[in-house]
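In what follows, every heavy atom counts, from backbone to side chain, and hydrogens, waters and symmetry copies are set aside. Positions are given from 1, in the same order as the sequence printed here.
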Amino acid sequence: MAISPPSDLVLDVVKAADPMEVQAAQEKLKANRAAFAATSLAENGKGFSNTVDVLDHIGQKSGLANIQNRTKTEEVPESYRKFEAMVLQNFVKSMLPSEGEDVYGKGATGDIWKGMMAEQLGNVMAKGDGIGIAKQMYSEQLRRQEGKIVNASTDDDDRNTALSMIDDFQRKTFGTPTAEAKTDRTG
């Protein structure tokens, strides 16, 4: 007479059950486990909503929460803003994942969609104060123009110097003799 150990009752019941019902029961267990973990984090003040509230509070305190309520210190021309958007577009495009066929698609079409996404992100980032590229370039241009005198008149010395430089350039370029060389030949 051979002794056969009794089988595991729970395992036998699971094997006999419908696979769809087993999968549904496993899903419920996972959901209950996740809900319990979320509830315990929320009770300890470390849940998702608490983290979002902290971030919202920090954003409001720093004034970064709403782009519409920023004050304009100076109006930067649109061409500078477009340049900043273009620079940001190139930065963003280089930072986007290169293996994103699930998001962008495959081949040339995917590259086009990726470029369009980078362009839109760059434009949004350049709105308002942007990251400062346009403002910096505009202030640098204003600084350069401060010391310039527009429509300045020249005196005779400047005019004579310019004409002698032109004559010298023509002589070197075309090989024409200067006035001094002409007098040496005839004299």
Contact summary for Glu75 and Tyr138, nearest pair of heavy atoms: O-CE2, 3.7 Å
Straight-line distance of Gln120 CD to Gln89 CD, nearest 0.5 Å: 9.0 Å
Test item: Tyr80 and Gln141 side chains (from C-beta on) under 4.5 Å apart, heavy atoms: yes
Contact summary for Lys93 and Lys114, nearest pair of heavy atoms: O-CE, 3.8 Å
Intermediate values then yes/no, salt bridge (charged side-chain N to carboxylate O under 4.0 Å, His left out), Arg143 and Glu146: CA-CA 5 Å; Arg143 206 173 311 123; Glu146 274 180 8; over 6 Å; no
Cluster link Met20 to Leu29, ILVMFWY, side chain under 4.5 Å: no
Shortest non-hydrogen contact between Ala85 and Asn123, atoms and distance: CB-OD1, 3.3 Å
Met95 atom CE, neighbour heavy-atom count above 12 within 6.0 Å: yes
Short side-chain to backbone donor-acceptor contact, Glu84 and Gly132, under 3.5 Å: yes
Sidechain N-carboxylate O distance under 4.0 Å for Arg171, Asp167: no
Rounded distance [0.5 Å steps], CD1 in Ile133 versus NZ in Lys135: 13.5 Å
Atom of Ala118, atom of Leu96 and distance for their closest heavy-atom approach: CB-CD1, 4.2 Å
Straight-line distance of Phe83 CZ to Leu88 CG, nearest 0.5 Å: 10.0 Å
